[in-house]
Amino acid sequence: MKLHTADADRGKRLDSFLHEKLPQFSRSRLQTWIKDARVSVSGRTEKSSYVIRGAEEIDVEPAALPALKAFAEPIPLTILYEDAAAVVIDKPAGMVVHAGAGVHSGTLVNALLHRFDALSQGSDDLRPGIVHRLDRFTSGALIVAKTDEAHRDLAEQFSSRTVEKTYLALVEGAMEGSGRITRPITRDPKSRARMTARLATGRSALTDWEAIELMPGFTFLRIRLGTGRTHQIRAHMAALGHPVAGDRLYGAKTSPWNRYFLHAHRLAFRSPANGERITVVSPLPPDLAEWKSALHHPGPKTIE
């Protein structure tokens, strides 16, 4: 396949440009193709770090997708929505989405392979069907693609920011009203496990928040994401001095609930199967509902 760079692409890394133009393939897969000389820039092979100059022709020779390495496991799943192209899973806290970092079983992918006969193959061989992710201890709604065509469609919807993503979060401290956070997010140079929004550099990020309820020492928020950066809500709230409750990685106090209070509550997207606008809601899980209820003494102040 052939791609052409424009003046607006100047300064981008080659692998970043390809991932932007070919979102159906993972960045690591594209980097492998570059390394294997399956990508040429104006007739030359380059490294992943090559900087785009503009007005270049890029040839990509996709390699055959390897056989799936993930295996099926009989793990129960809660289905919130399903059609011929996609399914929305209610992911529990503690479940990793796909294998990696020493985790090879008990993942959402293992459960999906047991439950469904077919999943999209557009991502890594360890991530069939996975279009987006939730952190391990974030619960809630997550979209999975059944076909390659659906994967491309959904990836484009995420890329063009037409998927509406709403979260519920409990944060430390008092926050009233509503606001928008536009601080860029990048890897924290002091800890590779953490992102940060306290530096002037990074990828653009947009988070809208609205205070729903005030409780002693905490605020219950409704949060809408305009972008999908790694740890976006966690990093943005920590940068404001209001870390997500229980999120020790981002400076919150320890909680007795063995997780942090962040839940993917609502997803709205266009179904690749029929073009209809679909809205899926995941109710607050019992552990978070109990956590919130335990803070209601003395009674909370509800924001009108």
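Between the side chain of R187 and the main chain of R192, a donor-acceptor pair closer than 3.5 Å is present. Under the 3.5 Å distance criterion, the side-chain polar atoms of K146 are matched with a main-chain donor or acceptor of D83. Remark: side-chain polar atoms of S120 are paired, donor with acceptor, to backbone N or O of G129 under 3.5 angstrom. Not a single donor-acceptor pair under 3.5 Å links the side chain of D9 to the backbone N or O of G54. Remark: side-chain polar atoms of R136 are paired, donor with acceptor, to backbone N or O of G94 under 3.5 angstrom. Without hydrogens or angle criteria, Y250 side chain to H236 main chain gives no donor-acceptor distance under 3.5 Å. Looking at D36, its side chain never comes within 3.5 Å of a backbone N or O of R38 through a donor-acceptor pair. Using a distance-only test at 3.5 Å, with no hydrogens or angles considered, no donor-acceptor pair links the side chain of E213 to the main chain of A211. Between the side chain of R229 and the main chain of S204, a donor-acceptor pair closer than 3.5 Å is present. One N or O on the side chain of R183 and one on the backbone of A239 form a donor-acceptor pair closer than 3.5 Å.
Inter-residue side-chain proximity for D287 and E290 is flagged as unmet; no heavy-atom pair is nearer than 4.5 Å. R27 is listed as a side-chain neighbour of Q31, based on a closest heavy-atom distance under 4.5 Å. In this structure, the side chains of T5 and V41 stay at 4.5 Å or more apart for every pair of heavy atoms. I143 places a side-chain heavy atom less than 4.5 Å from the side chain of H132. Between F269 and V88 there is a side-chain heavy-atom pair separated by less than 4.5 Å. No side-chain heavy atom of K35 sits less than 4.5 Å from a side-chain heavy atom of S48. Between V87 and V144, the closest side-chain pair of non-hydrogen atoms falls below 4.5 Å. Under the 4.5 Å side-chain criterion, counting only non-hydrogen atoms from C-beta, P128 is in contact with V109.
Between E172 and H242, the side chains place no donor N or O within less than 3.5 Å of an acceptor N or O (distance only, hydrogens not considered). Side-chain contact annotation: H98 with T107, donor-acceptor N/O pair under 3.5 Å absent. In this model, no donor atom of one side chain and acceptor atom of the other lie less than 3.5 Å apart for S255 and R248. A side-chain N or O of Y50 and one of E56 form a donor-acceptor pair less than 3.5 Å apart.
Considering NZ of K165 and OG1 of T207, their distance stands at 9.5 Å, rounded to 0.5 Å. A distance of 12.5 Å separates CG in L22 from CZ in R29, rounded to the nearest 0.5 Å. From Y260, atom OH reaches atom CG of D135 across 4.0 Å, with rounding to the nearest 0.5 Å. Going from atom OG1 of T166 over to atom CD1 of I223 covers 10.0 Å, rounded to the nearest 0.5 Å. If you take NZ on K2 and OG on S40, they are separated by 7.0 Å, rounding to the nearest 0.5 Å. Between the NE2 atom in H19 and the NZ atom in K12 there is a gap of 13.0 Å [rounded to 0.5 Å].
Heavy-atom contacts from other residues, nucleotides or ligands closer than 6.0 Å to CZ of R203 number 12 or fewer. Other residues, nucleotides and ligands contribute at most 12 non-hydrogen atoms within 6.0 Å of the CZ atom of R180. Within 6.0 Å of CZ in R194 there are more than 12 heavy atoms belonging to other residues, nucleotides or ligands. Open room surrounds CG on N258; 12 or fewer heavy atoms of other groups in view lie less than 6.0 Å from it. For CD of E149, the number of neighbouring non-hydrogen atoms (other residues, nucleotides, ligands) closer than 6.0 Å is 12 at most.
The two residues S282 and G140 make their nearest non-hydrogen contact at OG-CA, 3.8 Å. A264 and T138 make their closest contact through N-CG2, 4.4 Å (heavy atoms, listed as atom of the first residue, atom of the second, distance). Counting all heavy atoms, side chain and backbone alike, M215 lies closest to K292 at SD-O, 4.0 Å. Heavy-atom minimum distance, H263 versus L288: CB-CD1, 3.9 Å. For A174 against T219, the heavy-atom pair with the smallest separation is CA-OG1, 3.3 Å. Shown here for F218 and L170, the closest heavy-atom pair between the two residues is CB-CD1, 3.7 Å.
Listed by first then second residue, pairs satisfying salt bridge (charged side-chain N to carboxylate O under 4.0 Å, His left out) with a partner in residues 150-161 read D153-R270, not counting sequence neighbours.
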Checklist entry - side chain to side chain contact (heavy atoms under 4.5 Å, CB included) between I185 and T230: does it pass, once the steps are laid out? => result CA-CA 8 Å; I185 293 177; T230 300; over 6 Å; no

Next on the checklist: With side chain to side chain contact (heavy atoms under 4.5 Å, CB included) as the criterion, how do L113 and F71 come out once you've worked through the C-alpha distance, each side chain's angles and the decisive distance to 0.1 Å?
Outcome noted: CA-CA 7 Å; L113 289 172; F71 57 92; 5.6 Å; no

Item to check | Verdict with supporting geometry, D188 and K190, salt bridge (Lys or Arg N to Asp or Glu O under 4.0 Å) | outcome: CA-CA 5 Å; D188 191 331; K190 297 180 180 179; over 6 Å; no

Item to check | Worked check of side chain to side chain contact (heavy atoms under 4.5 Å, CB included) between L134 and L262 | outcome: CA-CA 10 Å; L134 294 177; L262 183 59; over 6 Å; no

Item to check | Evaluation steps, side chain to side chain contact (heavy atoms under 4.5 Å, CB included), between F17 and L30 | outcome: CA-CA 10 Å; F17 171 80; L30 293 168; over 6 Å; no

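The hydrophobic clustering, which links ILVMFWY residues whose side-chain heavy atoms are closer than 4.5 Å, places L225 and M237 together. Note on L3: it clusters hydrophobically with F25, by side-chain heavy-atom contacts below 4.5 Å among ILVMFWY residues.
Between W257 and W291, the ring planes are parallel. Angles under 30° get that label, and only those over 60° would be called perpendicular.
Each of H265, R259, K91 was evaluated against S139; a single residue qualifies, R259, per the side-chain hydrogen bond (donor to acceptor under 3.5 Å, both in side chains) test.
Using a 4.0 Å cut-off between charged side-chain N and carboxylate O, E164 and R224 make no salt bridge.
Taking Ile, Leu, Val, Met, Phe, Trp and Tyr as members and joining any whose side-chain heavy atoms lie under 4.5 Å apart, directly or through other members, V51 forms no hydrophobic cluster with any other residue.
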